[in-house]
There are 2 protein chains.
Amino acid sequence: MRPTVHDIAAAAGVSLATVDRVLNQRAGVRTVTREKVEQAIDRIGYVRDVAAANLAKSRVYPLVFILPSGDNSFMRGLEAQVRAAIGRSPVERTDISIVTVPAFNADALVAALDAAREKFPAGVAVVAIDSPDVIAAVDRLRADHIPVLTLVSDLAGSKRDHFAGVDNIAAGRTAASLMGRFLGGRSGPVAVLAGSMLVRDHRERLDGFRAVMTENFPGHVLLPIVEGQDDPALVERLVSQVLAASPEIAGIYSLGAGNRGLIAALKRRKNAAPVCVIAHELTQHTRAALNGGLIDVVLNQDAGHEVRSAIRVLKAKADGVAVLGAQERIRLEIFIKDNLPFEQGSNTEMPFEQGSNQAPEQGRQD
Amino acid sequence: MRPTVHDIAAAAGVSLATVDRVLNQRAGVRTVTREKVEQAIDRIGYVRDVAAANLAKSRVYPLVFILPSGDNSFMRGLEAQVRAAIGRSPVERTDISIVTVPAFNADALVAALDAAREKFPAGVAVVAIDSPDVIAAVDRLRADHIPVLTLVSDLAGSKRDHFAGVDNIAAGRTAASLMGRFLGGRSGPVAVLAGSMLVRDHRERLDGFRAVMTENFPGHVLLPIVEGQDDPALVERLVSQVLAASPEIAGIYSLGAGNRGLIAALKRRKNAAPVCVIAHELTQHTRAALNGGLIDVVLNQDAGHEVRSAIRVLKAKADGVAVLGAQERIRLEIFIKDNLPFEQGSNTEMPFEQGSNQAPEQGRQD
DNA sequence: GAAAATTTGATGTACGTAAATCAGAAAATT
DNA sequence: AATTTTCTGATTTACGTACATCAAATTTTC
């Protein structure tokens, strides 16, 4: 049997009330007594039963998610995952609010972070823009002991507690490596399409891509970076211009969003030499393009996993408990036509029949 | 506030005791009363507080993991992950026992399954061998209402509740697609190295690989399948023979284990034409070979994720509650030299200081 | 060495559910 | 209508922790 607070009391030779004072750092315990209790705690290997503690506290975790607004399938998918988490709130004891701010606007983000701070939430998750003002705003939250987690794009130099997102340098390197090998002997320049150099994830992807291309595939010239602001309409115009200007183009690496525009531009480009296209984030559009052969590789981060991980980590940070590092690693998923997962509709297995504890007869629908 | 059993009682106009009888399907409730209660339950949207219920029940989940024994890095890694889960037992309320049986031995597996059944565990996870006897043994467990989960290799035709593993047909297809594209213009036959055709995961990988190779890359002849029994020593002998017999070989797909032997054989093969090598499972050996350029791609399934998912699913099945399908999808990870994750040592972030609920000062070591 | 301040103990209630007991009410059977 | 059987209500204890209150013991201060 796992030791309880009573066992601590007995082991330390003190009363339950004193154990409670130590465990929950209440005042009024002499240092000697506190040490006696703490020694007993790790002597008998006590670990607080978080479930029971939360029950007693009627603990809820008010969390704030700050996401960019705008017409961006990936971010809207991310928001949908947060909404799905809101649906699980009663079970997970969370109270999640979503705040959207204009994309690539540091001032708006700072305002949102400061507004969140006023409400003293148990944690804040934010898709960060890399700027000193944003770093300062994040550090203000941390100064108030509010855990902060960066989502998708990190914020180096800040005091944020955790980053839930992929290794974007590795993503860029992977894209370059696959691009180079897929192109094989073919020659021709390669275009890189980004959203904005203001966000760290885009910069890191570019750095990784450029490093591997210049080192391992110097035969392919990199065309000047195109910044499409993650906006499908703008992306389409810009890509069309690039394709017209460089008809001998061999590859395109789209490291940001707005791929709808990229795909539209590619579709209008008939009877020309094949282009190797690598894009980020699996959406209905990139999925269709992958199946249709317009895109060769999609690099993806699972938004659902990111959101669930973010919530787990923020709750753990709020409670001051450790997180399982391996579990919270966000994988860079590589999709080609052949390993596309089925589109998931309703994604629960074996719906729960209220009030039934019976083992189900069967349930095989993976 | 989330509704409780008391709210059900009030809403249905019955007593708490009756609500309890309905919720836990105890005898002695008239059908009309039961229906009245059930209607009240979904009218007010009651969801059982699993944490409180487990607390009241002092519930523990005895689980059995049946794994193949033998000198196989992947399986030993899987076992290590189960042991790690045993370390978390007090927190997760599990009581896990590990049973190892000789690999590719259906009779031994059946015996282990039947032995597990005697102990009436809350769930059984098994790395399945595809055979009618094993299917029958699994179905005997299910007949006793014991949830069964197949791990790594599935068991079609059985009544198993869930499969925790990757889509192996997609894995084979992915390997073929990458192989074909990496080979580019180069010609030459491709060798396939398997463990045994007795396990379904190996067969499915082969099927997927073969399908894409013959359809999209008919220029490459597939050499006869080599079965190395996942045994490094045997694999080394067999691969050396193949390399000697077909010096013009262009690619090798190792879809099973025992890659230590493959790597050793490749190392001994000096100054010959480059071979594109795709292998499964990231171990210290394949990782080193990937970094060293001996292997081009490693397809992987995260053993830690598989084990944690298996435990979550078995607990859910034992309680008859729904599982989050998306969360339990085991990803096929594709590793090339450029996206190898850092080797994880101790994998917890911010060790918990006993008895402290304080927010930590900082913690940035991703 | 007495008063004041601090520390400790004892005890009770609460969180939401499970499980048991026993008395009483309502049905079904004769 | 009386009896048996089945169903329902009321109440209590428990799980492990949090939190509050008040009394008693100990230490500190003057």
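We name chains A, B, ... by the order of the sequence lines, and we start the count at 1 in each one.
When side chains are defined from C-beta on, I41(B) does not count as touching V19(B), because their heavy atoms never get closer than 4.5 Å. Looking only at side-chain heavy atoms (C-beta outward), D7(B) and T4(B) come within less than 4.5 Å of each other. Between L151(B) and V126(B) the shortest side-chain heavy-atom distance does not fall below 4.5 Å. No side-chain heavy atom of E306(A) sits under 4.5 Å from any side-chain heavy atom of Q81(A).
One can place CD of E35(A) at 16 Å from C1' of dT7(C), the figure rounded to the nearest angstrom. If you take CZ of R59(A) and C1' of dG16(C), they are 18 Å apart, rounded to a whole angstrom. Computed from coordinates, the D49(A) CG to dC15(D) P distance equals 13 Å when rounded to whole Å. dT17(D) atom P lies 12 Å from atom NZ of K57(A), rounded to whole Å. The NE2 atom of H6(A) sits 12 Å away from the P atom of dT11(C) (whole-angstrom rounding). Atom NZ in K36(B) sits about 14 Å away from atom P in dC7(D), given to the nearest Å. Separating the CG atom of N24(B) from the P atom of dT8(D) is a distance of 16 Å, rounded to the nearest angstrom. Rounded to whole Å, atom C1' of dT8(C) lies 13 Å from atom CZ of R34(A).
In terms of phosphate contacts, R30(A) brings no side-chain nitrogen or oxygen within less than 4.0 Å of OP1 or OP2 of dT26(D).
Taking atom P in both dT8(D) and dT29(C), one finds a spacing of 16 Å when rounded to whole Å.
With hydrogens and angles disregarded, no donor-acceptor distance shorter than 3.5 Å links the side chain of R331(B) to the backbone of Q301(B). The main-chain N or O of K159(B) is found under 3.5 Å from a side-chain atom of D139(B) such that the two form a donor-acceptor pair.
Of the residues near DNA chain D, G28(B) and A56(B), the one whose nearest nucleotide (by heavy atom distance) lies more toward the 5' end is G28(B). Each of V32(B) and S58(B) was matched to the nucleotide of DNA chain D holding its nearest heavy atom; the match closer to the 5' end belongs to V32(B).
A cation-pi contact, defined as under 6.0 Å to the ring centre and within 45° of the axis, links R59(B) to Y61(B). Cation-pi check for R48(A) over Y46(A) is not met; the charged atom does not lie both under 6.0 angstrom from the ring centroid and within 45 degrees of its normal.
The side chain of T4(B) has dG16(C) as its nearest neighbour among dT17(D), dG16(C), dT8(D). Closest to the side chain of R48(A), from the set dA27(C), dC15(C), dA18(D), is dA18(D). In this structure, the nucleotide among dA19(C), dA14(D), dA18(D) sitting nearest to the side chain of R26(B) is dA19(C). Checking dT17(C), dC15(D), dA18(D) against every side-chain atom of A52(B), the shortest atom distance belongs to dT17(C). With dC7(D), dC19(D), dA18(C) as the choices, the nucleotide that has an atom nearest any side-chain atom of T33(B) turns out to be dC7(D).
For K36(B), the side chain to side chain contact (heavy atoms under 4.5 Å, CB included) test picks out V14(B), with sequence neighbours left out.
Only G13(B), V14(B), S15(B), A17(B), T18(B), R21(B), listed by number, bring a heavy atom of residues 11-21 of chain B to less than 4.0 angstrom from any atom of DNA chain D.
Residues V138(B) and L113(B) share a closest heavy-atom pair of CG2-CD1, 4.0 Å.
With the 3.5 Å cutoff on both pairing distances, Watson-Crick and G-U pairs in DNA chain C assemble into runs of at least 3 at C:1-23 with D:8-30, C:25-30 with D:1-6.
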